[in-house]
Amino acid sequence: MRYWLMKSEPDDVSIDDLAKMPKQSVAWYGVRNYQARNFMRDQMSVGDGVLFYHSGCAIPGIAGIARVASVAYPDATQFNSRSKYFDPKATQETPRWLNVDVQLVKKINLIPLSELRTHPQLERMRILQRGNRLSITPVDPAEWQFIVAQLASA
DNA sequence: GCCAACGTTGGC
DNA sequence: GCCAACGTTGGC
């Protein structure tokens, strides 16, 4: 059992969009970074905890709690020439990009990035480090516990 | 819109 | 294998 923070742009898929999906589950398509892909491929298990993070928006922050709902499988968008995630080097036989399914556990009151920064318990979080761009990052169990028990319930 | 940080590409 | 150039991310 591991814990993750996964970024999504709410203009693309927001926490409310996730809540409206069948089974409140969505394929986490569009990851085109090898390190993030490898986290999904090598380290994620069904049931892992996910902090659903809104980025690239007016108030970035943690918008909900989710869970990993599948193992990694080929990301369909890499094969779609009309998709912005199309990858001409990927084939059905040798896909390059993978995704897991992510399922909503609960929407929470947004925990803004600016608030996360105020908690010394969280100062080592990857998301708070300067220059962080990775869209999927591991979260320490202690950080997960603090966020879910102390911040998400507030 | 700006800009710092980072990953990828491609020439050599 | 190095590294400059370029594109992207993402907070502000």
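Quantities reported herein were computed from a predicted structural model and do not represent experimental measurements. We name chains A, B, ... by the order of the sequence lines, and we start the count at 1 in each one.
Here the CZ-CG distance, from R37(A) to D75(A), works out to 11.5 Å after rounding to the nearest 0.5 Å. Atom CG of L122(A) and atom CD1 of I147(A) lie 5.0 Å apart (nearest 0.5 Å).
Not counting sequence neighbours, the partners of N80(A) by the side chain to side chain contact (heavy atoms under 4.5 Å, CB included) test are R82(A), S83(A).
Computed from coordinates, the R96(A) CZ to dT8(B) P distance equals 10 Å when rounded to whole Å. As rounded to whole Å, 16 Å separates atom C1' of dG7(B) from atom CD1 of I136(A). Spacing between atom CG of L134(A) and atom P of dG7(B) amounts to 8 Å, rounded to whole angstrom units. Between W97(A) atom CH2 and dT8(B) atom C1' the separation is 10 Å, expressed in whole Å. Straight-line distance from the CD1 atom of I62(A) to the P atom of dG10(C): 15 Å, rounded to whole Å. We find that CE of M6(A) is positioned 13 Å from P of dG10(C), with the value rounded to whole Å. Following rounding to the nearest Å, Q35(A) (CD) and dT9(C) (P) show an atom-to-atom distance of 16 Å. Distance CG (N132(A)) to P (dC12(C)): 12 Å, rounded to an integer number of Å.
Distances were taken from every side-chain heavy atom of Y34(A) (C-beta onward) to each of dT8(B), dG11(C), dG10(C); the shortest belongs to dT8(B).
Look at K7(A) and you'll find a side-chain N or O under 4.0 angstrom from OP1 or OP2 of dG10(C). Here Y53(A) does not reach the OP1 or OP2 of dT9(C): none of its side-chain N or O atoms lies under 4.0 Å away.
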Dump the pairs, protein N or O against N or O of nucleotides 2-6 of chain C, anything under 3.5 Å, distances to one decimal.
none

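Using a 4.5 Å cut-off between side-chain heavy atoms of Ile, Leu, Val, Met, Phe, Trp and Tyr, W97(A) falls into a hydrophobic cluster with Y34(A).
A distance-only check finds no donor-acceptor pair linking the side chain of R41(A) to the backbone of L98(A) [under 3.5 Å]. Between the R126(A) side chain and the P138(A) main chain, no donor and acceptor come within less than 3.5 Å of each other.
The aromatic rings of F52(A) and W28(A) stand perpendicular to each other, their planes meeting at an angle above 60°, with 30° marking the opposite boundary.
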